[in-house]
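A quick write-up on the structure given underneath.
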Amino acid sequence: MPQVRTRFAPSPTGYLHIGGVRTALFCWLFAKANGGQFILRIDDTDEARNIEAALAPILHGFRWLGIDWDEGPEVGGPHAPYFQSQRKDRYRECVAQLLDCGAAYRDYARPEEIQAEREAAQKEKRPFLYSRQWMAESLQDAAAWEADGREGVVRMKMPREGKCEFTDLVRGDVAFDWAKEQDTVIQRADGSFIYHLASVVDDHDFEISHVIRAEEHLSNTPRQIFIAQSLGFDLPQYAHLPYVAEPGSKSKLSKRKLDKYLKNGDFAKVMQHGEAIARRIHVPITPETFNPVIVDFYEQVGYLPQAIVNYLMLLGWSLDDKTEFFNREQMLESFTLERVTKAPASFDAKKLWAFQDHYMGEFPLKQKIPPMIGYLQKARLISDPPPCDVGPTLTRIVEAAGDRIKVMGDVLDYADTFYQPDDAFDYDEQAFAKRVEKQGAADLLAEFRERLAAIDDWNVQTLEAALQRFIEEKQIKIGEIIHSIRVATTGKGVGIGLYDCLDILGKESTLARIDRSLAKAASA
RNA sequence: GCCCCCUUCGUCUAGUGGCCUAGGACAUCGGAUUCUCAGUCCGAAGACAGGGGUUCGACUCCCCUAGGGGGUACCA
């Protein structure tokens, strides 16, 4: 096989769409699995103003996911520039060549005139084909029409017989009638260039061997093939991927329909969970920047990139009937286009969550600590720079929390109380009412507080022993006391194991917190 | 309207004529374990879009219908 080169061509929109990443991932995977290169090209044909700013989050997102590019923005490469906005001279040259060889023509029809022909055809239920009435056969034609105030566009003079046949690496053999293909515009009246022309020229110039893109381009392929062939280019291999569909439907996933997706329970849960974290770390929550259709959402909330990549890889691809987890090497070893599915796959935020759960579980404790310190800082629970003793304590907390922490941001829920002052930590009032203010609970708590006060050697074992002895003497079940201790010392109804909790807190804090809670209960 | 593509449990999928009374995963629902929560273990329920062919035999091949999606743009 000749050198494999694939490309992904994002538009600088300011955000990285989850569906776009999936397509890019497959391009990257295919290139890397075949010892090739992955190129990033920027589709900024329409006069985008602030390209740099709109591009930054996209490049950042790719890097975060570990999808690195061999050529493109910021890294350059032998075919630079990789921005369509900077390649207009080249497109102009190609249009001239197309005009010269007769594959394209200048057309002076007004949009209304084309529209009228189209409607007439539809009325008669026959396929529309432009009459080429305003096709300039000569310079004189052109001059005359221009004098008439008409504006010219450049159209491809598509073949009107035969079939366009090609083999798609995902779809198999596909065929289109040439006669059904419109004389597509390649250059607008204002001189700007249409995507199809730019794309074909770029793919050729950048030596792209495999055009892997979303299936919405399948129907566009014949016209691109014609443009490429007319320019004398060798054709790349094509592979059209099914698009990523919205939760619970087969429509294409779109950033704009967030409201609709939030009606889906699983999607809503993931969103709410993310929002709760975002609020605590002061990340603005707007549909434009913060929602589960955008990759940045996951980075903010603290998902692991490998979870996202693994999930996305399995959206429209599978190795067999069993294998679910792939590390980098396994991905590259097993990825093939042949095993890409043909039908669209809906995005299931809950399943992504399950992958996150898995990868978080095997992520080394030590490596969790630095990012988690970041969350504590952003939530203003600790200073920046962090106090030097934060590491060991946080490690104990995180270890005790175990797999309760699903994403990095969850650390806030389990650690916050340990970083708040004994006289000012927050209470979950509902839990407090249920467990501390309950009949008799405060008395038991007060009694057990004295047992705690008597412990000299404060550790998990002695704490557990003390509580066990206490419930035996009192002839009560552990459930009758343990919850009130938890709420009294942490303010929360749920949390890490109680003995770990008290040990981390230390004797002094534990007693102070119980006292504060008893006072609070008494005053209620 | 015309052209093209697609269609297996709620979701992601395995399945290339007999291995399928259709397998796995997520979600769901039970039950067990546990100091809460999370987890873990065990179990249950759940699909070949419909109709015709072809064949000894069809989830697998062919045709039709329906549904979904895309294209038909001086959008990408």
Side-chain angles (χ1 to χ4, degrees), chain A residues 9 11 43 45-46 107 109 111 114-115 118-119 121-129 151-155 168 170-171 174-177 179-182 184-196 198-199 213-223 240 242-243 245 247-252 264-266 311 314-325 341-355 357 361 401-406 410 413-414 431 435 464 467 471 477-483 485-487 490 492-499 501:
Chain A
S11 300
D43 271 13
T45 42
D46 31 67
D107 181 59
I114 297 272
Q115 190 51 32
R118 187 176 288 126
E119 281 166 15
Q122 222 184 90
K123 207 167 288 175
E124 292 167 39
K125 299 193 178 189
R126 65 177 159 79
F128 163 67
L129 220 43
E151 289 187 318
V153 298
V154 179
R155 289 181 184 277
D168 185 283
V170 171
R171 312 266 147 183
V174 282
F176 295 83
D177 285 333
K180 300 267 169 49
E181 296 297 318
Q182 304 304 321
T184 152
V185 172
I186 53 173
Q187 186 174 19
R188 299 183 184 91
D190 67 2
S192 60
F193 302 94
I194 293 289
Y195 163 80
H196 300 294
S199 183
R213 50 166 40 159
E215 74 169 313
E216 64 215 72
H217 288 291
L218 182 60
S219 307
N220 293 329
T221 305
R223 74 181 88 160
H240 288 91
Y243 54 85
S249 130
K250 293 293 179 201
S251 305
K252 192 170 153 186
N264 174 292
D266 291 341
Y311 169 71
L314 257 14
L315 246 201
W317 182 89
S318 69
L319 177 64
D320 52 33
D321 61 340
K322 296 237 146 57
T323 320
E324 290 260 72
F325 299 109
T341 338
K342 293 188 179 71
S346 10
F347 177 70
D348 181 351
K350 211 57 193 292
K351 184 139 186 177
L352 199 180
W353 174 264
F355 277 95
D357 194 356
D403 47 30
R404 293 174 181 86
I405 297 180
K406 306 294 188 192
D410 286 339
D413 283 339
Y414 294 94
R435 319 251 55 160
E464 181 166 7
L467 187 66
I471 62 170
K477 288 203 201 104
I478 196 163
E480 294 173 58
I481 173 83
I482 202 160
H483 305 303
I485 305 173
R486 174 178 292 107
V487 177
T490 66
K492 293 167 187 287
V494 300
I496 62 175
L498 188 73
Y499 311 118
C501 176

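In what follows, chains carry the letters A, B, and so on, assigned in the order in which the sequence lines appear, proteins first and then strands, with residues in each chain numbered from 1.
Note on A175(A): only backbone sugar-phosphate atoms sit closer than 4.0 angstrom, heavy atoms only; bases stay farther off. Within the nucleic acid shown, R213(A) has no heavy atom closer than 4.0 Å to any nucleic acid atom. Across all strands, S251(A) comes closer than 4.0 Å only to sugar-phosphate atoms, never to a base (heavy-atom distances).
A distance of about 16 Å separates the P atoms of rC48(B) and rU7(B), rounded to the whole Å. Here, rC56(B) and rG15(B) have their C1' atoms 22 Å apart, quoted to the whole Å. A distance of about 11 Å separates the P atoms of rG10(B) and rG46(B), rounded to the whole Å.
When only modelled atom types and interatomic distance are considered, S192(A) and R188(A) share a side-chain donor-acceptor pair under 3.5 Å.
When distances are taken from the side chain of K322(A) to each of rC5(B), rG69(B), rG24(B), the shortest belongs to rG24(B). Between rG1(B), rC2(B), rC6(B), one nucleotide has an atom nearer to the side chain of R171(A) than all others, and that is rC6(B).
Of the residues N220(A), T221(A), L218(A), the one that meets the side chain to side chain contact (heavy atoms under 4.5 Å, CB included) test with R213(A) is T221(A).
With respect to the salt-bridge test (charged N to carboxylate O, under 4.0 angstrom), the residues K180(A) and D177(A) qualify.
Taking only distance into account, the side chain of S219(A) meets the base of rG70(B) through a donor-acceptor pair shorter than 3.5 Å.
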Go along nucleotides 34-39 of chain B 5' to 3' and tag each nucleotide: B for a protein heavy atom under 4.0 Å from its base, S when only backbone or sugar atoms are that close, - otherwise.
-BBBBS
For every nucleotide of nucleotides 10-15 of chain B, 5' to 3': is a protein heavy atom under 4.0 Å from its base (B), only from its sugar-phosphate (S), or from neither (-)?
-SBSSS
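When the side chain to side chain donor-acceptor pair (under 3.5 Å) test is applied to H483(A), no partner is found at least two apart in sequence or on another chain.
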